[in-house]
Amino acid sequence: MRTRRRMIIAGLATAACVLGTTAVVLASGVDREPAGGPLAAATADATDADPGGPAGTAGLGAARPSATPGSAAAAGAARPAGAVAKDGPASTSYLRARYRLGADEAARRLALQELSAPLAEELTTRFPDQYAGMWLDQAGGGVLTIAATDPAPLRAAVAGLPDAAHVKVVPVRHSLRQLTAGTTRLASALDATAGSDVVVDVQANEVTVLTGDVVAADDPRLADALGAAGVPAQARTRLPAGTVQKACDPRYCAQAPMRGGIRLDVPRDDDTVGGCTSGFNLRARSGAYYVLTAGHCVVGGRHQEQDRTWHQFLGPKVPIGVESTSPVLAENAYPTDYAVIPYQPGAADRWAYPRRATTDPVNLVNYWCVSDNPNCTDEEGSRDVPITGYVAASAVQVGWIVCATGSAYTPKAGETYVDSGAGAGYVPGTRCGEVFGRGSGGIDVYICARPGDSGGPLFVESTGKALGILSDGDPGQGACTNPNERNYYAPVSTILDRVNARTGLGFVLPTRGPLLGPIAP
């Protein structure tokens, strides 16, 4: 039986007016495979026209010929480090501050990160019996580390990469194919889900069963299942003790279009108000748009009634969405902690792009500068980041530099905002940090967040790829002072797979919208 320790403390959408990220729909955009094999295909940009698969590996450059051992597989396709750094200024700032790097070295690391996703896809295809995963070792010099059961052919294959001096191949016992098969066997034996409840630990070259939720720590089947996995396997608690949900608070951003990263106030059954942060815009097969946020904002002990969401509930109380009950479009069970919220009657007119838009109606996420984000003072400043697709959870790598927007806030004396419990000194907005693992079944990051940031978007700044929405994390109040604060994000790909399997409504993460109808010329 699935039990959750969650208390629903709704969290609120962040973001100040100017920037906001639109709840971007997971649009996998594979129109067709470009000539040149998997790596070339991975570089194709996601398009809104045909959301047929994850677009998370798009945007790395022009298509190139299929690599052969010893060839410069990605040479000519990788973007210059300076261009990547220009598109990811806060990520660059994070690397410089965290690891005491110069601007050129930080840019090099971001360029290598951008190259790593299509490289992983190609190595998986070309070396299924040898390739065992990869990660970026930021603490060890920004080295892309590739695990392989037979390092020689992979070393030859990556020898021609643009930054080959910072790519190394290390020997391991089991391939990624074997580890993935092990997760499938374990998940089947335990009535769990591979990839969420049973996960691959690439760095440890083993499989982990996450207990305390779907799989109880004392499940009598566990010992035998671990022994029959066929690969090294262990069991551990899904999240560290002491994690708290990130739920409650907002700011002001009441103008269209709807973005990821703005305040969503949610009245509770006991007449208190909590809330969350908008994550991304989603679109159903019908063409209707929805707002994605955390499920614990509207599902749980204090949310037995049908919840409605508002922007600035205490005034001007702008309507946004309403919890869906037919069909049910929300769950409160990490990593499937999601609420896909349709608009309240008439609210879509307020939040959609106008029918005669004067600008390109792209799906946006709010990038709002805060005082502890070093990039806030440069010319880029606060802005909207266009969402270009999403990265599948299985493709997210340890060491990636990522950014998140939240709206948690504790009002000062005389201010009329719902208090999310963020604590005095915490400023809602965008912060960047580092992926340190996927051991929770979601995406584990070092980024400061507070109650009220729940549901807020996690994304790659330089490419505009969506990753996940905030669910749980370390407890904390007030200003961000701990660079190792851990927070946990439910992957967009996991959420889309789950809600589509349950409803058949064909939800995607679009690159355009929200729209009321076709944009007139």
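In this chain, residues are counted from 1 in sequence order.
By the 4.0 Å N-to-carboxylate-O rule, Arg383 lies close enough to Glu461 to be salt-bridged with it. Taking a cutoff of 4.0 Å between a charged side-chain nitrogen and a carboxylate oxygen, Glu305 and Arg268 do not qualify as a salt bridge. With respect to the salt-bridge test (charged N to carboxylate O, under 4.0 angstrom), the residues Arg109 and Glu114 do not qualify.
For the pair Gln477 (side chain) and Gly421 (backbone), a donor-acceptor distance under 3.5 Å is present. Asp360 contributes no side-chain N or O that, together with a main-chain N or O of Val362, makes up a donor-acceptor pair within less than 3.5 Å. Remark: side-chain polar atoms of Thr277 are paired, donor with acceptor, to backbone N or O of Gly452 under 3.5 angstrom. Although no hydrogens or angles enter the test, the distance criterion places no donor-acceptor pair under 3.5 Å between the side chain of Arg283 and the main chain of Gly506. In terms of modelled atom types and a separation under 3.5 Å, the side chain of Ser278 and the main chain of Leu292 share no donor-acceptor contact. Here the side chain of Arg438 pairs a donor or acceptor atom with the backbone of Ala393 at under 3.5 angstrom. For Asp444 (side chain) and Val435 (main-chain N/O), no donor-acceptor pair under 3.5 Å exists by modelled atom type. A distance-only check finds no donor-acceptor pair linking the side chain of Thr293 to the backbone of Ala339 [under 3.5 Å]. The closest donor-acceptor contact from the side chain of Glu485 to the backbone of Ala449 lies under 3.5 Å. Judged by distance alone, the side chain of Asp453 and the main-chain N or O of Arg450 form a donor-acceptor pair under 3.5 Å.
Using a 4.5 Å cut-off on side-chain heavy atoms (C-beta onward), Tyr353 and Arg512 make no contact. At a threshold of 4.5 Å between non-hydrogen side-chain atoms, the residues Thr193 and Val198 do not count as touching. Residues Gln397 and Gln113 are not in side-chain contact: their nearest non-hydrogen atoms beyond the backbone lie 4.5 Å or more apart. Using a 4.5 Å cut-off on side-chain heavy atoms (C-beta onward), Tyr334 and Ser440 make contact. Looking at heavy atoms from C-beta onward, Leu210 lies in side-chain contact with Thr208 at the 4.5 angstrom threshold. Looking at heavy atoms from C-beta onward, Phe436 lies out of side-chain contact with Glu434 at the 4.5 angstrom threshold. A 4.5 Å side-chain heavy-atom check between Pro514 and Pro257 finds at least one atom pair inside the cut-off. The closest side-chain heavy-atom distance from Trp351 to Gln255 is not below 4.5 Å.
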Exercise. Stepwise, does the side-chain contact (heavy atoms from CB on, under 4.5 Å) test hold for Cys403 with Arg431?
Worked result: CA-CA 6 Å; Cys403 299; Arg431 294 170 173 84; over 6 Å; no

For this session: Check step by step if side-chain contact (heavy atoms from CB on, under 4.5 Å) holds for Leu505 and Leu329.
Result: CA-CA 10 Å; Leu505 294 180; Leu329 298 178; 4.2 Å; yes

For this session: Could you please spell out the steps behind the side-chain contact (heavy atoms from CB on, under 4.5 Å) verdict for Phe459 and Lys465?
Result: CA-CA 6 Å; Phe459 57 97; Lys465 301 301 178 189; over 6 Å; no

For this session: List the steps and the verdict of side-chain contact (heavy atoms from CB on, under 4.5 Å) for Leu458 and Val402.
Result: CA-CA 7 Å; Leu458 183 72; Val402 296; 3.7 Å; yes

For this session: Could you give me the CA-CA distance, side-chain angles and deciding distance for Thr405 and Thr430, then say whether side-chain hydrogen bond (donor to acceptor under 3.5 Å, both in side chains) is met?
Result: CA-CA 4 Å; Thr405 299; Thr430 304; 2.7 Å; yes

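For the pairing with Ile443, the side-chain contact (heavy atoms from CB on, under 4.5 Å) check across Leu467, Leu470, Ile469, Asn487 returns one residue only, Leu467. Among Tyr290, Tyr338, Tyr390, the one residue that satisfies the ring pair (Phe, Tyr, Trp, His ring centres under 6.0 Å) test with Phe507 is Tyr290.
With hydrogens and angles left out, the side-chain atoms of Gln138 and Tyr94 include no donor and acceptor closer than 3.5 Å. Side chains of Asp372 and Tyr426: a donor-acceptor N/O pair is absent below 3.5 angstrom, by distance only. When only modelled atom types and interatomic distance are considered, Trp400 and Ser116 share a side-chain donor-acceptor pair under 3.5 Å. Side chain to side chain, Asn332 and His296 fail the donor-acceptor criterion of an N or O pair below 3.5 Å. Side-chain contact of Asp87 with Ser462: a donor-acceptor pair under 3.5 Å is absent, judged by distance alone.
In plain terms, the two heavy atoms of Ala256 and Ala352 that are nearest each other are CB-O, 3.3 Å.
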When the side chains of residues 313-328 are checked against the rest of the protein, which donor-acceptor pairs come out under 3.5 Å, sequence neighbours left out?
residue	atom	partner	partner atom	Å
Glu323	OE1	Asp307	N	3.1
Ser324	OG	Pro327	O	2.4

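Between Tyr343 and Tyr289, the gap from one ring centroid to the other reaches at least 6.0 Å.
With sequence neighbours excluded, the residues satisfying side chain to side chain contact (heavy atoms under 4.5 Å, CB included) with Thr92 are Ala85, Arg96, Ala106, Leu110.
With Tyr446 as the aromatic partner, Arg98 meets the cation-pi criteria of under 6.0 angstrom to the ring centre and within 45 degrees of the ring axis.
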